[in-house]
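Structure first, commentary second.
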Amino acid sequence: MEEKTLIFGHKNPDTDSICSSLVHEILDRKNGWKTKAVRLGNVNKETQFVLDYLGIEAPELIDHVEEGQTVLLVDHNEFAQSVDGIEKAKILGVTDHHRIANFETSEPLYYTAKPYGCTCTILFEEFNRLGHKIEKTEAILMLSAIISDTLLLKSPTTTEHDKKALEELAKIADIDVNTYGLDMLKAGTDLSDFTSEQLINIDSKEFANGDFKFQVAQVNTACIEDVLQNKEAIENAMTDFMNENGSRLFVFLITDIINSNSQAIVLGDVSVFEKAFSKTVENNMAFLEGVVSRKKQVAPVILNVI
Ligand code: MG
Ligand code: MG
Ligand code: MG
């Protein structure tokens, strides 16, 4: 591995993980630091839309880091969601908008945590705080991440900071946020050429409380029924995943980005889910009205009952 400090978001990277890595690298360059954005998994179709729009390459893919490698984490902190070898890397900094859990370093570090809707909103404020001009490229990277994480400001994770950032960035980018945003989100809903195994891994996160490990995966769609056509195959893939990874519960969220609801497929210790949401799981499914955020409306609710 080269000597540069590596910046990366979580495994199964989403648009915020990729864009905040790239923006962090740009910000570091303006500050005179040489860092390099990398990624821990495939670029999803929504993110590819953004990269194509800008005509830029995806960051290099890595699958582990060597002992002592200096790293900066964006859009995550939990080691279970990070790169293989993270325990022995030297974490210089974290910029994140998630709960802090299962995270420990041996040395002091920079840690910027804000309960905003998106990591890129934090980076936007960093640009302003440091007095750096925001160019069009980083404006589009940041606004794309904000649109993605907040589902065009409709997710309950959205804060005033995200709204303000998106507004300012749209001006710099000279972009109509709603048109661009819907095109971008729709690009991410094209699930036609994924196998079920790939589908449950596009955006999947592991959570743990003690020895209770569970997985919450999410896909965005404009039509829940389309995705459910492969329900049986999806369930088989979920079962295989749980067996291989020792997960006790798997929740697969099919999120309708037009109406802001989610259909959940639930396997494993279903009683935990039923208790968390006061819902009965029927035919391995439960409909979650108004639920679009894993971070705010699903993971903490399950963690509460474990
Ligand atoms: Mg993310
Ligand atoms: Mg994020
Ligand atoms: Mg997300």
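As the structure is a computational prediction, the values presented were derived from the model and not from experiment. In each ligand, atom 1 is the first atom listed, and ligand 1 is the first ligand listed. Residues: numbered from 1 along the sequence shown.
A centroid separation of less than 6.0 Å is found between the aromatic rings of Phe49 and Tyr180. Checked against the 6.0 Å centroid criterion, the rings of Phe79 and Phe103 qualify as a close aromatic pair.
For residue Asp14, an N/O/S atom approaches the Mg ion (ligand 1) to within less than 2.8 Å. At a cut-off of 2.8 Å, Asp96 does not coordinate the Mg ion (ligand 2) through any N, O or S atom. For a distance bound of 2.8 Å, the N, O or S atoms of His10 include one lying that close to the Mg ion (ligand 1).
When each of Asn42, Asp16, Thr15 is tested with Thr47 by the rule side-chain hydrogen bond (donor to acceptor under 3.5 Å, both in side chains), just one qualifies, namely Thr15.
We find that Asp28 and Lys36 are not joined by a salt bridge, their nearest charged nitrogen and carboxylate oxygen being 4.0 Å or further apart.
For the pair Thr280 and Ala286, the tightest heavy-atom approach, listed with the atom from each and the gap, is O-CB, 4.3 Å.
The nearest N/O/S atom of Asp75 to the Mg ion (ligand 1) is OD2. Asp16 contributes OD2 as its N, O or S atom closest to the Mg ion (ligand 2).
Vertex the Mg ion (ligand 2); arms to Asp149 OD2 and His97 NE2; angle rounded to 10 degrees, 100°.
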